[in-house]
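Just so you know, these numbers come straight off a predicted model, no measurement behind them.
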Amino acid sequence: MTSPASASGLDAAYHRLHPKIQRWIRDQGWDELREIQARTIVSVLEGDRDILIAATTAAGKTEAAFLPIMTSIADRKQAGFSALYISPLKALINDQFRRLEELCESMEIPVVKWHGDAPQAKKKKALAKPDGIALITPESIEAMFTRRPADARRLLGSADFIVIDEVHSFLQGPRGLHVASLLRRIDAMTAKPARRVGLSATIGDLKQAARWLRPTDPHRVEILEAKSDAPELRLQVRGYIEPPDLDDPDHAEGGAGTEEELPRRIALDSIADHLFETLRGSNNLVFGGSRRTVESAADRLRRRCEKSNVPNEFYPHHGSLSKVLREELEERLKDGKLPTTAVCTSTLELGVDIGSVKSVAQIGAPRSLSSLRQRLGRTGRRRGTPSVLRIYLREPNIDQKSGILDRLRPNTIRSVAVVRLLLAGFVEPAGSVPEVASTLVHQMLSVIAERGGIRPKPLFDLLCGPGPFSSISSSDFAGLLRHLATKEIRFIEQAPDGTLMLAQEGEKTVQSRSFFAVFESGEEWRLTVGGRTLGTLPITYPVHKDGLVVFAGQRWIVQDLDEQTKTLVVAPHPGGVVPRFEPSGGEPAHDRLIAEMRAVYLANDVPPYLDDKAQELLAEGREFFRQLRLERRSLVAENRDVHVFLWRGSQATAVFSAALAMAGLASGVHDLGVSVSKIKESQLVPILKKLAGMGAIDPATVAEFVANIQAGKFREVVPEDLARALWARRNGDVVGGISSMAGALN
């Protein structure tokens, strides 16, 4: 860590900058540099290390990185881009381009947006004479490697700096593996690797982030963490109960017709009432989780505006909406002239500049502290204004048929636990990534396409070792190559001299437009109205002519559909029952969160931020916890099942479930533990005692009992034995604790 900057240090940092940048700072009306900016200026201009900048949203991280970088590259004459800026979102690139364009122009440093929606003419000009700064997505780098390999070396291979924005979003998931691999490949084509500068607002483990940024030498990464000056937090958690016999509240969200047609209101209707009454007249963000919830909530809010004869202020925002609709909403929020509330998935969680919003709301109990902190960073950004957070939690109606888990009110308990951890400053570190083998397949195909062929040893050396594929041994790699060359897969083939080349299926896969991204996009239908594209919709429920869908915050009737082009021609429709179009999935829960949930059950305090209904739900959950005597016991029988309360996070719970499968038992996982099917407590106890007495358990043995073990876009071509070996390595520490977990049960 560098030491905090003094007032004289701030002034000294300013005078290190290029004179034209100093003039630009004065023109902006800045009184002084922020501390994190001054410290970064010194680190960039005086040192040669990589840098990780951790600071809250709107703390000036972009300027902290680019003011000294532009000073450093101002007089560079070498051909090729001087600096690359890699972002997970096109919208973020567009936003940063607007922030940098004027300054770059004054410095006579070219800057170009490089993604699928960026103007082709500007990219062609940069191809002819690469210079300055390129703002680019991982997928565009991938496309350049596979389609324009000579240009990739010419454009990317001489960069002095690579800036990676929103580093926390790359710490887990296949996209993080992909970006780390692309960085390694860019390094391989340079005489002197570029310095890496990571930017992030929310990181639970800064050393983990440093290891991701420079896996070969994490000690070379200088961590600059800004002083936290968090605004006052105003918080409310509101509780809602679904109506009786509502088997599928998610389906009911999309199934609401006009209010007169509904036999009963669901919780989302009451939530929409409160959002409408509370948020009208100001700028806000409402995070709905799934696209289905986002669309259903936005539709309800729009109809409330119509019913009250007031202009609509509520609009959906998610990845399937067309670029035009998304950008119109982002611009409206940033402009601030019209009151606007965006009902969104995680699309507005990252740092796209939409100005400061008055409040943030979340529909559903949070599971991730990292996401919640990122979202909360959107509000309270103006000095002297508080951060405002509302959490709307939903619980099922309780009757004689209700199960034990519902009666424990876990959504309410989890909301209180999340708030406790939020106030304590906890952020969970990134979890392990199960898509390693799948992403490696993608990168193997990409390198073979880029090089036009490569021998196995150089391919292994390029991709493996410290970094995203460090868990892959040379024997794993050789086995994967053999598997991809089989007549069933036909992804690669080997020439007589040993060179690896793309085979028939590999060639077809690489040529596909969907190849550039490592994440799965699924089958989506394009929605058009009057020749205008609204966006794309993942449909997992039957759709037919004259059927209804909710999209872009409105209801549409399907006038025509084309199976071949996956196109729905739609027209506006006022009401009716609409189909479900998306399954919902939950984020994994960290060990600390589940432990905090148990602490909430055991406590007696009533947090003042809970509304009356949430207080009732908290009291119900705690009372039932005590009735079950869960402070003293871990096993509870219900009908033909036994619930095992483990109080561990998602990873440990899943591993324990696999260990039970090893013992011949079928179980389902939930937040509080596992539910073992068709067994009596008297039968389960000796099995748990046996597990407790086993001592060290071989992870490979447990891996044999894990279902659906392959993961990722190319999971179907990943050999099962490799998937199981990687699972065992990834979960080895947790497997090592199975015996003690079983021994602690009583």
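Annotation: side chain of Leu422 is in contact with side chain of Leu376 (closest heavy-atom distance under 4.5 Å). Contact of the Leu617 side chain with the Glu620 side chain is registered, since non-hydrogen atoms from C-beta on lie closer than 4.5 Å. Counting only heavy atoms from C-beta outward, the side chains of Ser296 and Arg300 approach each other to under 4.5 Å. A heavy-atom distance below 4.5 Å is not found between the side chains of Cys344 and Arg291.
Side-chain N or O atoms of Asn284 include none that pairs as donor or acceptor with a backbone N or O of Thr341 at under 3.5 Å. A donor-acceptor pair under 3.5 Å is formed between the side chain of Glu395 and the backbone N or O of Asn411. Listed for the Arg414 side chain is a donor-acceptor partner under 3.5 Å among the backbone atoms of Pro366. Side chain of Arg622 to main chain of Ala619: no donor-acceptor pair is present (N/O by atom type, distance under 3.5 Å, no hydrogens or angles). Using a distance-only test at 3.5 Å, with no hydrogens or angles considered, no donor-acceptor pair links the side chain of Ser370 to the main chain of Val427. At least one donor-acceptor pair closer than 3.5 Å links the side chain of Asp205 to the backbone N or O of Lys207. For the pair Arg378 (side chain) and Gln374 (backbone), a donor-acceptor distance under 3.5 Å is absent.
Residues satisfying the side-chain hydrogen bond (donor to acceptor under 3.5 Å, both in side chains) criterion with Asn708, sequence neighbours excluded, are absent altogether.
Ring geometry for Tyr601 against Phe625 counts as parallel: the plane angle stays under 30°, on a 0 to 90° scale with 60° as the upper cut. The aromatic rings of His643 and His670 sit perpendicular to each other, their planes meeting at more than 60°, with 30° as the lower class boundary.
Partner of Leu646 under the side chain to side chain contact (heavy atoms under 4.5 Å, CB included) criterion, out of Asp671, Leu745, Leu672: Leu745 alone.
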With a cut-off of 3.5 Å and sequence neighbours excluded, list every side-chain donor-acceptor pair involving residues 651-663.
{"residue": "Gln651", "atom": "NE2", "partner": "Asn731", "partner atom": "OD1", "Å": "2.8"}
{"residue": "Thr653", "atom": "OG1", "partner": "Arg648", "partner atom": "O", "Å": "3.3"}
{"residue": "Thr653", "atom": "OG1", "partner": "Gly649", "partner atom": "O", "Å": "2.8"}
{"residue": "Ser657", "atom": "OG", "partner": "Ser667", "partner atom": "OG", "Å": "2.8"}

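Counting non-hydrogen atoms of neighbouring residues, nucleotides and ligands closer than 6.0 angstrom, the CD atom of Glu716 reaches no more than 12 such neighbours.
Identified under the salt bridge (Lys or Arg N to Asp or Glu O under 4.0 Å) test for residues 719-736, with sequence neighbours left out: Asp476-Arg729, Glu720-Arg724.
Judged by distance alone, the side chains of Tyr240 and Arg238 do bring a donor and an acceptor atom under 3.5 Å apart.
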Test log, rule side-chain contact (heavy atoms from CB on, under 4.5 Å), inputs Val286 and Tyr392:
CA-CA 10 Å; Val286 177; Tyr392 296 85; over 6 Å; no
When you look at Leu630 and Phe624, which way does the side-chain contact (heavy atoms from CB on, under 4.5 Å) test go after all the steps?
CA-CA 9 Å; Leu630 287 176; Phe624 196 63; over 6 Å; no
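Closest non-hydrogen pair, Ala603 versus Arg420, comes out as CB-NH2, 3.5 Å.
Comment: Glu616 engages Lys613 in a salt bridge, judged by a side-chain N to carboxylate O separation of less than 4.0 angstrom.
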